Amino acid sequence: MQSLYKSEFGKNEILNLYNQKLKELGIEYTYRIIDTDFGKTNIIITGDSTKPPLIIVHGSNGCAPIALETYPTLSEKFQVFAIDVLAQPNKSAETRLNMKDNSYGLWINELINKLELKNVTMAGFSFGGLIILKTLIQNESNIKEVFLSAPAFIVNGNPLIALFKIFIPMKQYIRTQKTKYIEKFLETLFSEKDEFALNYLSKVFLYFDMDFSPIPIVKKEEALSIKTPITLIVAKNDIIFPGVKMMKRANKIFPSLKNTLLLENSKHVQNRKDNTKIEKLILQE
C-alpha cells in the first residue's frame, strides 16, 4: 500500500509536531497500540483506570494530542482514551476506510471490545462526530452517552462557499507555500488564532495525501435506530456543517437527542471559552 505521506521527510516533520504537542500538554499518559482488522491503531490513555471510560475522537487532519488539548480536564472524572484516527496525519495505520459503509463503526467497536470497555462515553469533533455516529449505528450496546461538537454526517454546507473559502486557499498555499493563504483558510474555520494549527496544517497540506471525498449524510432510518443519548453542540457561523440547519435536522431525525447547544459566536473550530463550555457539559454527566 502506498503511503499517505508524500515523503519520509514530510512524515517526520508532522510527527515531530505531534510529539511536540503531546510534550507541551505536560500530562501523564501511556500509549496503547491495538491491532484491528483495519490496521494498527494508536491510543493515548490518560487518567485513573478506576474511573469511567471516555473515548475522544479528533477531526479531519488531526491527531490525539490536539483532542486532549481541546478538553484538558476530562481526566478528572474519566479515564480518557484519545484515538489517533486511521488514515490521518498521526501514529495510526494509513488505512483509509469507506465513509459510506459501516467500516468506521466496526473499527471503533473492535477497539472497545479489545480494550474491554463498557458504558463508554464518547466525545468527538467534526469528522470525529461521523465516526461516533457510525459506531452507534453499527453497535451501540457498549456506549452510554455521546457528545458531538460541530459533527460531520448530519448536514453539509454550501459546496460553492467551501470551494472559494476553504479549498482554493488550501490549493493556493500548496502551490505557493505563502503563509497568507493558510491564514485565510484558518480565519474561515477557526474562531480564534491557533499557532499550532498553522504550523501543523502547513506541513499536513504539503506532505500528506488528504481525503477530499464528499461527506455523506446520515439516513433518517439510521438516525431513528439510535437509542444512545446524544448531546449536540453546533456553531452558528460554521460554513462546513451549518449549526442552525444541523439543529433543525437533528431534532427531526434523532429520537435520542438529549440536549443541544448553539454556540452563537463560533466558527467550525471552537475557541477556548466554548471548548470549556463543552467540557463542562461532559463533566456534568
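On a predicted model such as this, the values are computed, not experimentally measured, just so you know. Throughout, residue positions are numbered sequentially from 1 according to the sequence presented.
- Note that NZ of Lys227 and OG of Ser141 are 13.0 Å apart. Values are rounded to the nearest 0.5 Å.
- If you look at Phe38 and Tyr104, their ring centroids are not closer than 6.0 Å.
- With no hydrogens or angles considered, a side-chain donor-acceptor pair links Thr228 and Glu140 at under 3.5 Å.
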Checking Leu206 against Gln177 for the side-chain contact (heavy atoms from CB on, under 4.5 Å) test, could you report, in this order, the C-alpha distance in whole Å, the side-chain angles of both residues, the deciding distance, and whether it holds? CA-CA 8 Å; Leu206 291 178; Gln177 296 184 37; 3.8 Å; yes
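- Taking Lys40 as the reference, Asp35 meet the salt bridge (Lys or Arg N to Asp or Glu O under 4.0 Å) condition, with sequence neighbours excluded.
- Side chain to side chain, Thr41 and Trp107 meet the donor-acceptor criterion of an N or O pair below 3.5 Å.
- Remark: Glu187 does not engage Lys184 in a salt bridge, criterion side-chain N to carboxylate O under 4.0 Å.
- Both tests do not hold together for Lys178 against Tyr173: distance to the six-membered ring centre under 6.0 Å, angle to the ring axis within 45°.
- Partners of Asp238 under the side chain to side chain donor-acceptor pair (under 3.5 Å) rule, at least two apart in sequence or in another chain, are His268.
- Between Phe9 and Tyr207, the distance from one ring center to the other falls under 6.0 angstrom.
- Taking the salt bridge (Lys or Arg N to Asp or Glu O under 4.0 Å) definition, one finds that Lys277 meets it with Asp274, sequence neighbours left out.
- Checked by atom type, the side-chain pair Asn109/Gln138 shows a donor-acceptor distance below 3.5 Å.
- To the nearest 0.5 Å, the span separating CD on Glu76 from NZ on Lys51 amounts to 7.5 Å.
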